Amino acid sequence: MALAHESGIGSEGEHFGFADPISQPPIEGADMPSYPGDGVLETDGTWRPLKPGEFLLGYEDEVGPGGTLMPEPFELRLNGTYMVFRKLYQDVAAFRRYLATAARSLYGSDDQHHRDLVAAKLMGRWPSGCPIDLSPEKDDPAIAADRDRRNDFTYAGDDQGLRCPLGSHLRRSNPRATPLKRATAVKRHRLVRRGVEYGPHLKDGALEDDGVDRGLVNLFLQADIERQFEFVQAEWMKGGEFLGLDPAEQDPINGVGGEGSQMSVPGAKRPFLFDLPTFVTVKGGEYLFVPGLTALRGIIEQKF
């Protein structure tokens, strides 16, 4: 079942059994807390919030004061944002079955510890939300509950992915300080995401699908859909070249599985997984412009 904790972490949860949400990019000037690891890593090792123009139109972004210049006129885009809606079906039974299969393949045992370890290697976090980069051998709920620790990591010293596989979902979503084969500014591809699970939980321990629709409804906010959401999906989720992996290696959680799919798991007895199932299927989605309140009034009054 999905997890929720008294600290507020993972208050929604998700059907594969991981706490969710864990963090959001902090925004400069916003009335919201900023914790280590959530923002932009500075050269002195500290973290700062992102410029508001990365998510909100009409403000300075990480490149300069102009921010995204669409839509026109300025009054229409000011305080607006772009939202991506996605409805994602989760095949929970297939995920649970594969954890046992992969555990036997990677570690020679499908006991609970090794199934949890496989899940952590695929996701990049343990079920509690503790990052595998900070606790590679076992889940540590104390780290997950500590807002000042649970995202304060960079993957430094793990260029081969021995602690956290390079192709894990979390590392793909935000490579942090991982050396990239295709140079890009990670801070320019951040997303504010809110996910809410839908559908009832599959019974604990069930390994066969019950035919009930379940999954996540995700909302992604950004100033530029092409540079942020679409870049992450096309470049970071659907291929491996940017990390020096096989071009066919996709995100193990959100990628398209089937014959030929694979994932490298350095440090395992047999460090490769092959023919991963498709665990997540997009059932619907939309790209939307969300105007600010002033612009919304202007639209109602037909000023634009």
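In this text the structure is predicted, and so the values were computed from the model without any measurement.
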(message) If I take atom OG from residue Ser135 and atom CZ from residue Arg125, how far apart are they, to the nearest 0.5 angstrom?
(response) 12.5 Å

(request) Working to the nearest 0.5 Å, report the span between NE2 of His15 and CZ of Arg96. (result) 10.5 Å

(message) Does any part of the side chain of Ile22, heavy atoms only, come nearer than 4.5 Å to the side chain of Leu170, both counted from C-beta?
(response) no

(request) Keeping to residues at least two apart or across chains, list the side-chain hydrogen bond (donor to acceptor under 3.5 Å, both in side chains) pairs with something in residues 53-69. (result) Arg48-Glu62, Glu54-Arg188, Glu54-Arg227, Tyr59-Asn79, Asp61-Arg188

(request) Decide yes or no on side-chain contact (heavy atoms from CB on, under 4.5 Å) for Val282 and Leu88, but give the supporting numbers first. (result) CA-CA 5 Å; Val282 177; Leu88 306 174; 3.6 Å; yes

(message) Less than 4.0 angstrom from a charged side-chain N to a carboxylate O is my criterion; do Arg77 and Glu72 meet it?
(response) yes

(message) Can you confirm whether Leu50 sits close enough to Arg190 that some side-chain heavy atom of one is under 4.5 Å from a side-chain heavy atom of the other?
(response) yes

(message) For residues Val290 and Leu293: do they belong to one hydrophobic cluster (side chain heavy atoms under 4.5 Å, members Ile, Leu, Val, Met, Phe, Trp, Tyr)?
(response) no

(request) Indicate yes or no: at least one non-hydrogen side-chain atom of Thr178 is less than 4.5 angstrom from one of Arg171. (result) yes

(message) Could you check whether any side-chain N or O of Glu197 sits under 3.5 Å from a backbone N or O of Gly215, counting only pairs where one atom can act as donor and the other as acceptor?
(response) no

(request) Kindly write out the residues that satisfy salt bridge (Lys or Arg N to Asp or Glu O under 4.0 Å) with Asp110, not counting sequence neighbours, or none if the list is empty. (result) Arg104

(message) Quick one: does any side-chain atom of Arg150 pair with a main-chain N or O of Ala144 as donor and acceptor, under 3.5 Å?
(response) yes

(request) For side-chain contact (heavy atoms from CB on, under 4.5 Å), just list the numbers for Leu41 and Arg176, CA-CA rounded to whole Å, side-chain angles, deciding distance to a tenth of an Å, and then say yes or no. (result) CA-CA 8 Å; Leu41 179 64; Arg176 299 176 183 255; over 6 Å; no

(message) According to a hydrophobic-cluster definition based on side-chain heavy atoms being under 4.5 Å apart (Ile, Leu, Val, Met, Phe, Trp, Tyr only), do Val92 and Ile253 belong together?
(response) yes

(message) Testing the basics here: between Arg163 and Pro136, what is the closest heavy-atom pair and its distance to 0.1 Å?
(response) CD-CG, 3.7 Å

(message) Quick check against the 3.5 Å criterion: does Ser105 have a side-chain atom that pairs as donor or acceptor with the backbone of Ala102?
(response) no

(request) Please collect all side-chain hydrogen bond (donor to acceptor under 3.5 Å, both in side chains) contacts where either partner lies in residues 272-283, sequence neighbours excluded, each pair once. (result) none

(message) So does Gly239 get a backbone contact from the side chain of Gln250, meaning a donor-acceptor N/O pair under 3.5 Å?
(response) no

(message) Please check if the number of heavy atoms outside Glu42 that lie under 6.0 Å from its CD is greater than 12.
(response) yes

(request) Could you work out the complete set of other residues in the hydrophobic cluster of Phe272, with links drawn between I, L, V, M, F, W and Y side chains under 4.5 Å apart? (result) Phe274

(message) Lys87: which residues meet the salt bridge (Lys or Arg N to Asp or Glu O under 4.0 Å) condition with it, sequence neighbours left out?
(response) Asp213

(message) Quick check for you: to the nearest 0.5 Å, what is the distance between Arg194 atom CZ and Leu216 atom CG?
(response) 12.0 Å

(request) Locate the shortest heavy-atom distance separating Pro36 from Arg147; write the atom from each residue and the value. (result) CD-O, 4.4 Å

(request) Search all heavy atoms of Glu28 against all heavy atoms of Lys51 and return the closest pair with its distance. (result) OE1-NZ, 3.1 Å

(request) Could you tell me whether Glu226 atom CD has more than 12 heavy atoms of other residues or ligands within 6.0 Å of it? (result) no

(request) Find the distance between CG (Leu288) and CG (Leu219) and round it off to the nearest 0.5 Å. (result) 9.0 Å

(request) Run through the side-chain heavy atoms of Ile, Leu, Val, Met, Phe, Trp and Tyr, join any pair under 4.5 Å, and report what else lands in Leu296's cluster. (result) Ile300

(request) First locate atom CG of Asp209, then atom CG of Asp91, and finally report the distance between them rounded to the nearest 0.5 Å. (result) 5.5 Å

(request) Check ring pair (Phe, Tyr, Trp, His ring centres under 6.0 Å) between Phe153 and all other residues, then give those that pass, not counting sequence neighbours. (result) Tyr155

(request) Using atom types as modelled and distance alone, determine if a side-chain donor or acceptor of Ser261 lies under 3.5 Å from a backbone N or O of Leu276. (result) yes

(message) With heavy-atom distances below 4.5 Å as the criterion, would you say the side chains of Tyr89 and Tyr198 are in contact?
(response) yes

(request) Begin with the C-alpha distance, continue with both residues' side-chain angles, and end with the deciding distance and a verdict on side-chain contact (heavy atoms from CB on, under 4.5 Å) for Thr81 and Gln222. (result) CA-CA 6 Å; Thr81 190; Gln222 64 259 284; 5.6 Å; no

(message) Please evaluate residues Phe85 and Val217 with respect to the criterion side-chain contact (heavy atoms from CB on, under 4.5 Å), reporting the C-alpha separation (whole Å), side-chain torsions for both, the decisive distance (0.1 Å), and the verdict.
(response) CA-CA 7 Å; Phe85 166 84; Val217 172; 3.4 Å; yes

(request) For residues Glu75 and Ala295, report the shortest heavy-atom separation together with the two atoms involved. (result) O-CB, 3.7 Å

(message) Side chains of Ser168 and Ile132, heavy atoms from C-beta outward: is any pair under 4.5 Å?
(response) no

(message) For Gln112, I'd like to know if atom CD has over 12 heavy atoms of other residues, nucleotides or ligands within 6.0 Å.
(response) yes

(request) Look at the aromatic rings of His114 and Tyr107 and report parallel, tilted or perpendicular, splitting at 30° and 60°. (result) tilted

(request) Might you confirm whether atom CG of Asp44 has over 12 heavy atoms from other residues, nucleotides or ligands at distances under 6.0 Å? (result) yes

(message) As an exercise, state the distance from NE2 of His189 to NZ of Lys187, rounded to the nearest 0.5 Å.
(response) 11.0 Å

(message) Going by salt bridge (Lys or Arg N to Asp or Glu O under 4.0 Å), name the residues that satisfy it together with Lys203, two or more places apart in sequence or in a different chain.
(response) none

(message) Is it the case that the side chain of Glu14 and the backbone of Phe18 share a donor-acceptor pair, with hydrogens and angles ignored and the cut-off at 3.5 Å?
(response) yes

(request) Could you identify which residues cluster with Val63, counting Ile, Leu, Val, Met, Phe, Trp and Tyr as linked when any side-chain heavy atoms lie under 4.5 Å apart, either directly or through a chain of such contacts? (result) none

(message) Checking Arg182 against Glu241 for the salt bridge (Lys or Arg N to Asp or Glu O under 4.0 Å) test, could you report, in this order, the C-alpha distance in whole Å, the side-chain angles of both residues, the deciding distance, and whether it holds?
(response) CA-CA 8 Å; Arg182 292 178 178 173; Glu241 291 177 294; 2.9 Å; yes

(request) Ignoring hydrogens and angles, tell me if any N or O in the side chain of Asp139 forms a donor-acceptor pair with the backbone of Cys130 under 3.5 Å. (result) no

(request) Indicate if Met123 and Leu117 have the same hydrophobic cluster label, given that clusters are the connected sets of ILVMFWY residues with side-chain heavy-atom separations under 4.5 angstrom. (result) yes

(message) Going by the rule salt bridge (Lys or Arg N to Asp or Glu O under 4.0 Å), which residues pair with Arg86 if we only count those two or more places apart in sequence or in a different chain?
(response) none

(request) Sort out for me which residue in Leu221, Ile27, Asp224 forms a side-chain contact (heavy atoms from CB on, under 4.5 Å) with Phe55. (result) Ile27

(request) Mind listing the closest non-hydrogen atom pair of Pro165 and Val265 along with its distance? (result) CG-CG1, 4.3 Å

(request) Indicate the atoms forming the closest heavy-atom contact of Asn254 with Asp251, along with that distance. (result) N-OD1, 2.7 Å

(message) Running the 4.5 Å side-chain criterion over Ile, Leu, Val, Met, Phe, Trp and Tyr, what cluster does Ile299 land in, apart from itself?
(response) Leu57, Met70, Leu76, Tyr82, Val84, Leu166, Leu180, Val186, Leu191, Phe220, Ile225, Phe229, Phe231, Val232, Trp236, Met237, Phe242, Leu243, Leu245, Tyr287, Phe289, Phe304

(message) In the structure I gave you, are the side-chain heavy atoms of Asp140 and Ser128 within less than 4.5 Å of one another anywhere?
(response) no

(request) Under the side chain to side chain contact (heavy atoms under 4.5 Å, CB included) rule, collect the residues that match up with Asp38, sequence neighbours excluded. (result) Ser23, Pro26, Tyr35, Asn151

(message) Using only atom types and a distance under 3.5 Å, with no angle test, would you say the side chain of Arg115 pairs donor to acceptor with the backbone of Ser109?
(response) no

